[in-house]
Asks: 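Handing you a structure now.
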2 protein chains.
Amino acid sequence: MNSKHPKQQVDAEQLDLATRAAWLSFIGGYTQGEVAKRLAVSPVKAHRLIQLAQQQGMVKIFIEGEPARCVALEEQLAKKFSLRSCLIAPSDHINADDNEANFNEVGAGAARFFYNILNQLPQSSCVGIGKGRSLSALAEKLPKINRADLTFASVSGSFTRKFSANRLDVVQQFVERTGGEGYFMPVPYLARDDEEHEMLMAQASVQFSLNLARNANLYAVGIGGLKTNHYLHSVGLVTDNDLEELRSAGAVCDLIGSFYDIMGKLVDHPLNGHGLGINAAEMAGKRVVAVAGGLGKELALLGALRSGLVTDLVMGEVTAEKLVSLMEFK
Amino acid sequence: MNSKHPKQQVDAEQLDLATRAAWLSFIGGYTQGEVAKRLAVSPVKAHRLIQLAQQQGMVKIFIEGEPARCVALEEQLAKKFSLRSCLIAPSDHINADDNEANFNEVGAGAARFFYNILNQLPQSSCVGIGKGRSLSALAEKLPKINRADLTFASVSGSFTRKFSANRLDVVQQFVERTGGEGYFMPVPYLARDDEEHEMLMAQASVQFSLNLARNANLYAVGIGGLKTNHYLHSVGLVTDNDLEELRSAGAVCDLIGSFYDIMGKLVDHPLNGHGLGINAAEMAGKRVVAVAGGLGKELALLGALRSGLVTDLVMGEVTAEKLVSLMEFK
DNA sequence: TTTAGCCTAGAGCTTATGCTCAAGCCGTTT
DNA sequence: AAACGGCTTGAGCATAAGCTCTAGGCTAAA
C-alpha cells in the first residue's frame, strides 16, 4: 500500500465507499444488509457509511407538493405583502404550541428553500446574514454544498454588551456548510449612545464588514420579537431596559437592529439609531429572505412585513394562519 | 361529511395527509411514531401515508457525487464515443454476475438521468420510446411527474409475430408516470418479407405513430443483444431463425429494428429492411439516450455505440469496465 | 347478512447505537 | 535505545429502537 498521504487517502476512500453505499441504499433500494454484502463490509460499517454520506450532505431529499392549506396560505400572504415567494412549512395543529418543534420544521423548510436560492446564485456572490434561532436552525439543516466562491457577511454586530463573542454566530455555520468565507462585525448589536455608535462604526474592521454586507445581493434575516423570551434578549444582545423603552415607543419587532411598529414604520426612539450594522432600509430593493420560526410572534411579523423590506418569507403553518387572521390588524 | 365525490375526495384528503406525513418524516426528521402523534393517526396509518407519498413519487432523493471510478469511466466512454453525456451507475464487483440486480441499478440510475432530461424538455415535446427490459426498469423507477403535455411514441412495432399485444409496452409505463399521451404501433417488430413490410408500413395507424416518432426530438432506447436469452427473442419479437441469420451475417446488436455489426455498420441482410418503425438512421442528429442494462452485452454495445447514433449513455460499472477494455476490439 | 375498509395487536425483520476490544501513535520511563 | 502505558481511531458485537407486514376483529355502508 502506498500511503504518502495516509489520512487524506483513507478519507477519500471512505467517501468513495460512502457514495457507493448511498447509491445502493437510496437509489438501488437495497437494505443495509444487502449493501453490506455487495460492498463486502460488515452491516454496521454499511450503516455507518450511509450515515456518513448523509452527514456529508450527499443525499438530497425533496418533497414535491405541499398540503393544499399551505399553498392557500402562501398565496394569501404573498399577495398581501407583495412577496416574491413564500413557503409555509406544514405543521400540525396537535402540537401547535411546541416552540422547539416549530423551529425545527421551519428551519428544515427554510433550508430547502435557501438551498435552491443559493444554487441559483451567481459566482462570487455575497450574502448578508442576520441573527436568531430561525437562521441558526436553517443553517443547521442546510445540505452541505461546495461554494467556496460565496462570501457571508454579518449584517449586524455580533457581540453581547459584554463584548464576549456570541457562542455561535450564524455566519460561522454558513461558512461551515458551504466552504465560503465569512465576516462578522466585532462590535455589540446596539451601541450605548450616539457617541459610542459613531466611534464603533468608524472602526476599520467594522467598515470592512459593513461594506461587504451593504453590497450583498441577497439577505437572510430573522424577524425578532421584543419579549424577554425572544432571542435578542435571551442571549444578552439587548437589556431589559432597552426592550422596555422600545415597547413603550410602540415597537413590535426588530429587523437587524432597526425597530418597527405594528404599521411597519420605524419607531421614533434614539435606540433606532444605535444599531451597529447595516441599516435595515439599506436592504430595500435587494432580495431579503425572512425566516420566521418560533411561536407567538405574529404581531412582530406583521410589523416587519408591513415595512415592505421582506421579499421572501418562510414560516410555519400555525403562525401563517394566525398571521392571516390578523392581516388587517392595526 | 359532504362526500359528493367520495372516492376522489378521500384520495385528495389522503394525499394531503400523505404530503404532511412526508414533510414531517423526511424534512422534519421525525420518526414514524412521532409523525403519527402529530397527525393524530395510528402509527400504521402514518407508515402507510409515508409509503403512499413515496409511491406517488412525491419524495425525490438525489445522491450528489459518484465514486471516482465511475467518473473516470464516464469520461473515457464519453470521449471515445463522442457522447453528450454518460452515466455509469455504481455497482459492486462482488455480485458482478447478477443480471437482475444490474437491471435494477442501471434502471434506477437511468430514471434519475432521464428525469432530469424530461424536466428540461420544452412544453409539448414528443419523445420516441424504444423497447427492452432496461427501458422498462427505467420507467418503473421514474418519479411521477406532471407533464400531460408530453407525447410518447413507440419507435417500433409492438406486437409479437402472432399479433398479440405485448403485455406491457414501455410507452404505457411512461404515460402512467407522466400523465402524457402515448402512441404505439399495432404491428410486429419485424415484417416477414418486403411485401408485408410495405403493406404494414402503409397503414394509416402506423403512419400516424411513425410521424410522431420521426418528429420526436428525444429518444430513449435500449440496446438489444442477439442471443436467445435477450429481450428481443425472449418475448417472441423475433424467431430463432431470424437471430441465426442475423448473427451469421455479422450482426451483434439491435437498435430499434436495425442491426449493426461490431464496427457499427448496418449488416447487409434482408432483415435490415424488415424492421417496422422508424429507421435507426432517422434518429441521427437528435438526442438519443441509450440505456444498457443487463450483463454480457459488451459486444452489442460496442456495435451500437460505433454506429454514432447514441448521444447519451447509461450503463452499469461492471459493463462499463468491460466495454472500456474492449474499446479497440474489432 | 355480507362486504369492504380501517384499526389494533403482535411478530419478524431492519436500522441505530452504546460498549468493548484491538491496533497504532506518542511521550514517558527504565 | 527499548519498553511501558495512556490516548486516539476504527471495527464489530449485542441490544435497543424503529419499521413493516400479517391476521383478526370492529364498524359502516350495501
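Just so it is clear: chains get the letters A, B, ... in the order the sequence lines come, proteins before strands, and each one is counted from 1.
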Asks: Quick one: does B/E105's side chain have a donor or acceptor within less than 3.5 Å of a partner on B/S91's backbone?
Replies: no

Asks: Measure the distance from CG on A/L39 to C1' on D/dA11 and round it to the nearest whole Å.
Replies: 16 Å

Asks: Using a 3.5 Å distance criterion without hydrogens, assess whether the side chain of B/Q32 forms a donor-acceptor pair with backbone atoms of B/A46.
Replies: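 Such a contact is absent between B/Q32 side chain and B/A46 backbone.
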
Asks: Decide whether B/Y115 and B/K60 meet the rule of one side-chain donor and one side-chain acceptor closer than 3.5 Å.
Replies: yes

Asks: To the nearest Å, how far apart are B/L49 CG and C/dG5 C1'?
Replies: 15 Å

Asks: Under the rule for side-chain contact (heavy atoms from CB on, under 4.5 Å), what residues qualify as partners of B/V44, not counting sequence neighbours?
Replies: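 Residues passing side-chain contact (heavy atoms from CB on, under 4.5 Å) with B/V44: B/S42, B/R48.
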
Asks: Side chain of A/T31 only, heavy atoms from C-beta on: which candidate in C/dC19, C/dT15, D/dC21 is closest?
Replies: C/dT15

Asks: Once you round it to whole Å, what is the distance between P of D/dG10 and CD of A/Q51?
Replies: 14 Å

Asks: Without swapping roles, check the side chain of A/D16 against the backbone of B/P67 for a donor-acceptor pair under 3.5 Å.
Replies: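 The answer is no, because no donor-acceptor pair under 3.5 Å joins these two groups.
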
Asks: In whole Å, what is the span from the NE2 atom of A/H47 to the C1' atom of C/dT15?
Replies: 6 Å

Asks: Checking side-chain polar atoms at under 3.5 Å, does B/T19 have a donor or acceptor matched by the opposite partner on A/E66?
Replies: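 Short answer, no.
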
Asks: Starting from C1' on C/dC6, measure out to CD on B/E13 and report it in whole angstrom.
Replies: 15 Å

Asks: Using the test side-chain contact (heavy atoms from CB on, under 4.5 Å), find all partners of B/T319 that sit at least two apart in sequence or belong to another chain.
Replies: B/N102, B/L295, B/E298, B/L301, B/M315

Asks: In whole angstroms, how far is the P atom of D/dC19 from the CD atom of B/E34?
Replies: 9 Å

Asks: Report the distance from atom NZ of A/K45 to atom P of C/dA16, rounded to the nearest whole Å.
Replies: 17 Å

Asks: Does any N or O donor sit under 3.5 Å from an N or O acceptor when you compare the side chain of A/R48 with the base of C/dG18?
Replies: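 Result: at least one qualifying N/O pair found.
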
Asks: Identify, residue by residue, the members of residues 56-64 of chain A with a heavy atom below 4.0 Å from DNA chain C, and return them in order of residue number, or none.
Replies: none

Asks: May I have the distance from B/Q14 (atom CD) to C/dG5 (atom C1'), rounded to whole angstrom?
Replies: 11 Å

Asks: Starting from the 5' end of DNA chain C, give me the residue, B/V44 or A/Q32, whose nearest nucleotide shows up first.
Replies: B/V44

